[in-house]
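Throughout, a chain's letter reflects where its sequence line sits, starting with A, and its residues are numbered from 1.
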2 protein chains.
Amino acid sequence: MTQKKIGRPRAFDKNEALTAAMKVFWIKGYDGASMKDLTSAMKINSPSLYSVFGDKHALYLASIDNYTKNNPASPLVIFESEPNIEKAIRAFMKAALDSATKNEFGTLGCFLSSSVATTAGVVDGVQEKLKTAILEADARLVKRFEFEKQNGVLASDFPSEERARLMFDLRQGYTFRARAGLKSDSMENDLSFRVKMVLGE
Amino acid sequence: MTQKKIGRPRAFDKNEALTAAMKVFWIKGYDGASMKDLTSAMKINSPSLYSVFGDKHALYLASIDNYTKNNPASPLVIFESEPNIEKAIRAFMKAALDSATKNEFGTLGCFLSSSVATTAGVVDGVQEKLKTAILEADARLVKRFEFEKQNGVLASDFPSEERARLMFDLRQGYTFRARAGLKSDSMENDLSFRVKMVLGE
DNA sequence: TAGGTTTTGTAACAAATGACACAAAAAAAG
DNA sequence: CTTTTTTTGTGTCATTTGTTACAAAACCTA
């Protein structure tokens with residue numbers, strides 16, 4: 001499948017470099033991330049960056065796509081992989097909280113809402129990507145709720161869309177608090193009653 | 001009270017200039033806002049900016065303070081000025097939504113969570129200001145809830161702190177959606193059931 | 001009026017920015 | 001081997017960045 005290409009082989013992994021770039025953007029923001037920051041984190045020189053990703057702007061958009069599409073540890077994926085709906089909701093919130101407060105490399109909060117959001121009205125293409133990311137998250141939550149309604153787990157009058165947006169929006173609160181460096185104690189404490197809230201109990 | 005000072009009088013209003021600077025930071029972010037952006041929006045030259053505000057960094061911190069302390073249209077102030085608790089909660093959410101989606105100058109979302117948050121781990125002093133802003137918002141919401149409990153309007157077992165954080169966090173959802181340029185229709189629709197949710201009904 | 005004080009606008013500064021030209025290097029193909 | 005193709009690293013480019021000297025201007029005091 002991976003056909004051998006002629007010419008000098010690339011000395012770095014494209015996905016690794018892209019993830020490294022995303023972390024820099026996450027921590028410093030688009031304008032705060034200099035080319036030197038990016039190339040040193042990606043462990044490549046700028047000509048390699050330009051030949052593979054285009055320019056700084058294209059690299060930024062690719063980082064956003066990489067975050068939304070290729071993240072197996074995203075709260076959304078965890079939510080979808082847990083069969084029990086109540087546990088799934090809690091797992092979503094817990095994953096959102098954990099990933100926001102992890103701070104292994106300075107990546108506090110959420111890449112999209114804590115960093116990319118700033119550039120929404122300024123950097124070309126960002127606002128559209130944010131829109132679709134949010135609406136797709138809403139849709140995937142709704143889809144699961146509708147599934148549970150069909151199976152009789154949730155009541156037939158369960159307001160899927162309102163509750164999906166609720167879940168998503170609650171995550172933004174966690175994200176902002178984490179970015180501000182607040183301890184996760186109170187957020188951890190709120191988990192249980194928020195899960196019940198989403199379920200309408 | 002306003003004593004006449006010797007020397008050439010200042011040709012601009014400090015607060016107006018500060019508000020203009022804040023809008024630039026709000027729209028473009030700290031690193032995205034150049035000195036040229038700032039001085040042209042503030043309608044002053046850079047030497048005036050430096051003599052009055054210090055430097056770009058100090059101006060940024062002053063902008064944050066100005067936003068948190070001198071904003072009579074903030075959802076928090078509106079919440080506190082409405083006597084009826086249910087109307088107050090709704091007014092808070094409505095004000096948060098309106099201010100986030102107004103977009104008169106490109107100032108979508110909320111200055112703190114849509115713009116300042118990006119710089120939390122990078123620009124000195126920002127994270128501390130965010131922490132205190134969040135905790136103070138929580139505290140002011142809690143204070144009101146406790147007041148209503150003493151008056152018998154809210155039940156004595158009303159969980160003020162959880163609901164305060166809930167209100168605040170719901171706002172972050174609105175903020176993020178608005179920054180992404182989403183229409184306010186669905187958010188407007190969610191208002192009513194979210195108010196009931198905060199009240200525990 | 002003359003002296004003192006503060007602000008203003010012009011201009012300039014060094015440093016950092018994003019981007020790229022170019023030749024050497026490393027592989028496959030003939 | 002030679003040729004062809006692609007990537008790598010060094011070095012450099014024109015702009016833009018944040019910041020500041022400096023002298024003229026505008027006010028108060030005496």
Side-chain angles (χ1 to χ4, degrees), chain A residues 1-18 20-22 24-25 27-64 115-116 118-119 122-126, chain B residues 1-18 20-22 24-25 27-64 115-116 118-119 122-126:
Chain A
M1 210 59 173
T2 55
Q3 194 166 348
K4 283 196 178 182
K5 292 175 190 170
I6 62 175
R8 180 171 177 169
R10 191 172 292 151
F12 64 94
D13 181 71
K14 186 176 176 178
N15 284 335
E16 276 185 31
L18 188 55
M22 187 205 64
V24 175
F25 283 132
I27 297 169
K28 300 198 166 193
Y30 177 69
D31 292 294
S34 69
M35 288 299 300
K36 202 192 296 178
D37 291 333
L38 292 166
T39 52
S40 68
M42 300 165 82
K43 293 169 184 170
I44 60 176
N45 297 105
S46 49
S48 298
L49 190 156
Y50 277 86
S51 73
V52 174
F53 297 102
D55 60 1
K56 187 186 176 185
H57 178 249
L59 176 65
Y60 187 54
L61 297 184
S63 296
I64 297 174
S115 183
V116 175
T118 298
T119 64
V122 189
V123 178
D124 279 347
V126 170
Chain B
M1 210 57 174
T2 54
Q3 195 167 349
K4 284 195 177 181
K5 292 175 191 170
I6 60 177
R8 181 171 176 170
R10 190 171 293 152
F12 64 95
D13 182 70
K14 186 176 175 178
N15 283 335
E16 276 185 31
L18 188 55
M22 187 205 64
V24 175
F25 284 132
I27 297 169
K28 301 199 165 191
Y30 177 69
D31 291 294
S34 69
M35 287 300 300
K36 202 192 294 180
D37 292 332
L38 292 165
T39 52
S40 69
M42 299 164 82
K43 294 170 183 168
I44 59 176
N45 297 105
S46 49
S48 297
L49 190 157
Y50 277 82
S51 73
V52 174
F53 297 103
D55 59 1
K56 187 186 177 185
H57 178 249
L59 176 64
Y60 187 54
L61 297 184
S63 296
I64 297 174
S115 183
V116 175
T118 298
T119 64
V122 189
V123 178
D124 278 348
V126 170

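- At least one donor-acceptor pair under 3.5 Å links the side chain of B:D55 to the backbone N or O of B:A58.
- For the helix from C:dT1-D:dA30 to C:dG30-D:dC1, the rotation axes defined at the first and last 5 base pairs enclose an angle of 0°, given to the nearest 10°.
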### Query
Can A:L38 and A:I44 be said to form a side-chain contact (heavy atoms from CB on, under 4.5 Å), step by step?
CA-CA 9 Å; A:L38 292 166; A:I44 60 176; over 6 Å; no
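- Remark: A:R8 engages no residue in a side chain to side chain contact (heavy atoms under 4.5 Å, CB included) (not counting sequence neighbours).
- Residues forming a salt bridge (charged side-chain N to carboxylate O under 4.0 Å, His left out) with B:D37 (at least two apart in sequence, or on another chain): B:K28.
- Going from atom CZ of B:F12 over to atom C1' of C:dT8 covers 10 Å, rounded to whole Å.
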Any N/O pairs under 3.5 Å between the protein and nucleotides 16-19 of chain D? List them or say none.
{"from": "D:dG18", "atom 1": "OP1", "to": "B:A33", "atom 2": "O", "distance (Å)": "3.3"}
{"from": "D:dG18", "atom 1": "OP1", "to": "B:K56", "atom 2": "NZ", "distance (Å)": "2.6"}
{"from": "D:dG18", "atom 1": "OP2", "to": "B:M35", "atom 2": "N", "distance (Å)": "2.6"}
{"from": "D:dT19", "atom 1": "OP2", "to": "B:Y50", "atom 2": "OH", "distance (Å)": "2.4"}
{"from": "D:dT19", "atom 1": "OP2", "to": "B:K56", "atom 2": "N", "distance (Å)": "3.2"}
{"from": "D:dT19", "atom 1": "O5'", "to": "B:Y50", "atom 2": "OH", "distance (Å)": "2.7"}

### Message
side-chain contact (heavy atoms from CB on, under 4.5 Å), that's the test. Do B:L59 and B:L49 meet it? Break it down for me.
### Response
CA-CA 8 Å; B:L59 176 64; B:L49 190 157; 3.9 Å; yes
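- Here the C1' atom of nucleotide C:dA19 and the CG atom of A:L59 are 14 Å apart, to the nearest Å.
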#### Entry: Nucleotide-resolved protein contact map, nucleotides 22-30 of chain D, B/S/- at heavy-atom distance under 4.0 Å
---BBBSS-
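- Within the structure, ring pair (Phe, Tyr, Trp, His ring centres under 6.0 Å) pairs that include any residue of residues 41-61 of chain A comprise A:F25-A:Y60, A:Y30-A:Y60 (at least two apart or interchain).
- Residue B:M42 contributes atom CE, which lies 16 Å from atom C1' of C:dG9 at whole-angstrom precision.
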### Task
List the steps, then state whether side-chain contact (heavy atoms from CB on, under 4.5 Å) holds for B:V126 with B:V116.
CA-CA 8 Å; B:V126 170; B:V116 175; 3.5 Å; yes
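- Look at CG on B:L49: it is 13 Å from P on C:dG9, rounded to the nearest Å.
- The closest side-chain heavy-atom distance from A:V122 to A:D31 is not below 4.5 Å.
- The side chain of A:S48 contributes an N or O atom lying less than 4.0 Å from OP1 or OP2 of D:dT8.
- Within the 3.5 Å criterion, the main-chain N or O of A:N15 finds a donor-acceptor partner in the side chain of A:D13.
- For the atom pair OG (A:S115) and CD1 (A:I64), the distance works out to 8.5 Å, reported to the nearest 0.5 Å.
- Minimum atom distance to the side chain of B:N45 is reached by C:dG9, of the listed C:dG9, C:dT8, D:dT10.
- No side-chain donor-acceptor contact under 3.5 Å links B:K43 to the backbone of B:A20.
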